[in-house]
2 protein chains.
Amino acid sequence: MATLKDIADAVGVSIGTVDRILHKRGRYSEKTAEKVRKAMEELQYTPNIHARGLKKTKQHRFASLIPLEEQDSGYWKLLADGIRRASAELGSYGSTVDLIFFDRYSSDSCSRALQGALDSGVEGLLIAAVRPDDMKRQLQDAGIPYLFVDSDIPELTERCSYIGQDSFQSGYLSGKLMHLLLGRGSYPSRVLMIEPPGSNYHLKQRMAGFRSYMESTAPGVELERMKEDLDEEKSFHSCLESCLENRRSLPDGIFVANSSVYYAASYLKKKGEDYSRIPLIGYDLIPGMESYISEGIIDFILTQQPELQGYQGMITLYEYLVLNKEVQKEVFVPLNIITRENLRTFET
Amino acid sequence: MATLKDIADAVGVSIGTVDRILHKRGRYSEKTAEKVRKAMEELQYTPNIHARGLKKTKQHRFASLIPLEEQDSGYWKLLADGIRRASAELGSYGSTVDLIFFDRYSSDSCSRALQGALDSGVEGLLIAAVRPDDMKRQLQDAGIPYLFVDSDIPELTERCSYIGQDSFQSGYLSGKLMHLLLGRGSYPSRVLMIEPPGSNYHLKQRMAGFRSYMESTAPGVELERMKEDLDEEKSFHSCLESCLENRRSLPDGIFVANSSVYYAASYLKKKGEDYSRIPLIGYDLIPGMESYISEGIIDFILTQQPELQGYQGMITLYEYLVLNKEVQKEVFVPLNIITRENLRTFET
DNA sequence: CTACAATGCGTTATCGATAACGCAAATAAT
DNA sequence: ATTATTTGCGTTATCGATAACGCATTGTAG
């Protein structure tokens, strides 16, 4: 591997000059710059990351801002784990990461946490933008760069990137899988769509995607919609119970637009065989989900690898701010389909 | 972040002593060692990767040994791309990677390539063990560490790791998806299983997994088996043609155990609507596959992210040999299910 | 024509970990 | 008791990139 010194020797100048040219810091003639660039090309100069990183060691500080780990059935713990993994890695590169949590159902908690983060003097923020309206105001004139994960606020064009899901498409995909589970040609069938609490952009998009698939491809399928109000198992159970009691027969399939599918599964299991075999599709591989999948109560889980989102998000922020890498404005993570037969390969 | 110097100052010794204790290089008393270890704990010492890497810059050389990129419909190019990505990354850490290719249908080509790699003086080898018998002999007393990707030879216990697929399980999963596509209750149906040429362990496992699912779960499904002999489009087409002509009716589903599903798709497309709508399941997202998926000719593609396998494999080898990290003996990559509706999220 | 800035380039300390080297003091061997 | 050897520890050059500093030379303003 060629070093700065190799280039300098080849051209007949000093490393200082080469470095100035490399970083366009002025104080050189265009003539030597041309020669240097040619030599770099020929000798295939690659900067030594270690040397660069070592020299540039100056306590970088970042923070992440996501909902409380236990909210949404533990979904945010997965994201937090990814952030922690990135944090450990960045630690040995001389940076620190603060994890800040807020109550996603409280405007107050959210804005206080965000304000605290903005005032804490960190160099960059990783934000799960689950409260777009609250956050938008505060971020308008944020002095520091930020990156969104999980949920986006596209209007904030200064955000350095968004890493997350294509939620409409994931709903659409759920629709297809449900359609397959119903069995072709067994019309008419009735499917129950459950919209969990804390309705945000992504939930609505998933619902819309699901509906869109059914309307365009499976006209014989009738959709019923149910809205949950509390992110809690008991409440979910009773709500589902009253909904199912009011019907003539059991639905032919149930779709839950987030990880609350966990509650639906525990309900169906409790109610026995007839209920358990209703096709059930939902989101996110949170702890405890595995058993319902391997028992076959949950047929498909879609996931957008929250752990990876957290990890990637933090690493991207670092690369953007410290290494000056270019980053994509929008990164959609792969939509994974998890079912009984490939579940094991997704466990860490 | 605490540095060696911080630890040294805290204990009242020099950094040389701390370093010797850290690396157990002798020349210290157990008494100071104890104090140092305590200080490291308290001050949360994390070695600075950059400083370490910089000091240890000494041209590490590795090589990879995989089949020719165009074989198996271009499957190996994906793996090679992953290795190249790792190579670029490791380059800036001062290491080089040679990519060596061999003809996977020639024992001679394989053993010459392997011998060349072993004699080239590299520090570690990444090997796609697609010719277990040939390779086993040569690797018995290989002087250098090696790691397998894609295909394994579990008997060689000195291999530092294996990164790849659980092929039986992936066949089993294919079986489930095929079952869904057939539509529940539409028995009896007949499914054609195609075993591509170059029959190896993984192909056979996939076939076995598929058959196992059907036998255990879908007794009404009748399986027919067809064996291909040449890895070539024309030959595949004529073989498939003669097979389909000898039947009373079209099969209700087709399963191809590797990326040759590409040839099957091009055949079905050519033959028009009746053929195109036959459920078709296969493997690997090779270039050109996308269009058949989005047209709906291929219903499901399973993939074990060959690009990731190549990348991960090379990085793991590096971590094992250079950073002395512990590595898992066996890593199964996630089994991804790709279909029309999530295809886009898997394109890079 | 002097002052003084701007240009072009070389020199050097620095980041943190590593490991070779050197020097005492303690212990062992003769 | 004297020479070897071992033990315990400090000192220092090194890896490559960075950027501050310094010193000429050229250009420009008063």
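Values reported hereafter were calculated over all heavy atoms of this structure, with side chains retained and with hydrogens, waters and symmetry mates removed. Letters A, B, ... are given to chains in the order of the sequence lines, protein chains preceding strands, and every chain is numbered from 1.
K35(A) has its NZ atom 12 Å from the C1' atom of dC9(C), to the nearest Å. In this structure, Y28(B) atom OH and dT6(D) atom C1' are separated by 16 Å, rounded to whole Å. Nucleotide dG22(D) holds its P atom 12 Å from the CZ atom of R27(A), rounded to whole Å. In this structure, I7(A) places its CD1 atom 16 Å from C1' of dT18(D), rounding to the nearest Å. Taking atom CZ of R25(B) as the reference point, atom C1' of dC9(D) lies 12 Å away to the nearest angstrom. The CD1-C1' distance, from I21(B) to dG8(D), rounds to 10 Å in whole Å. We find that CD of E30(A) is positioned 14 Å from P of dT7(C), with the value rounded to whole Å.
By the 4.0 Å N-to-carboxylate-O rule, R85(A) lies too far from D81(A) to be salt-bridged with it. Between E70(A) and R104(A), no side-chain nitrogen of the basic residue sits less than 4.0 Å from a carboxylate oxygen of the acidic one, so the salt-bridge criterion is not met.
Side chain of S95(B) to main chain of R61(B): no donor-acceptor pair is present (N/O by atom type, distance under 3.5 Å, no hydrogens or angles).
Taking side-chain N and O atoms only, S29(A) has a distance below 4.0 Å to OP1 or OP2 of dC9(C). In terms of phosphate contacts, T32(A) brings no side-chain nitrogen or oxygen within less than 4.0 Å of OP1 or OP2 of dG8(C). Listed pair S14(A) / dG10(C) meets the phosphate criterion, a side-chain N or O lying under 4.0 Å from OP1 or OP2.
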For nucleotides 14-17 of chain C, list the nitrogen or oxygen atoms of the protein found under 3.5 Å from its nitrogen or oxygen atoms, one pair per line.
{"residue": "dT14(C)", "atom": "O2", "partner": "K55(A)", "partner atom": "NZ", "Å": "3.4"}
{"residue": "dC15(C)", "atom": "O2", "partner": "K55(A)", "partner atom": "N", "Å": "3.3"}
{"residue": "dG16(C)", "atom": "N2", "partner": "A51(B)", "partner atom": "O", "Å": "3.2"}
{"residue": "dA17(C)", "atom": "OP1", "partner": "Y45(B)", "partner atom": "OH", "Å": "2.8"}
{"residue": "dA17(C)", "atom": "OP2", "partner": "L4(B)", "partner atom": "N", "Å": "2.6"}

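Among R27(A), R25(A), K55(A), the one residue that satisfies the salt bridge (Lys or Arg N to Asp or Glu O under 4.0 Å) test with D19(A) is R25(A).
Taking the six-membered ring for Trp and thresholds of 30 and 60 degrees, F62(A) and H60(A) have nearly parallel ring planes, at less than 30 degrees apart.
Looking at residues two or more places apart in sequence or on another chain, you find no side chain to side chain contact (heavy atoms under 4.5 Å, CB included) involving E41(B).
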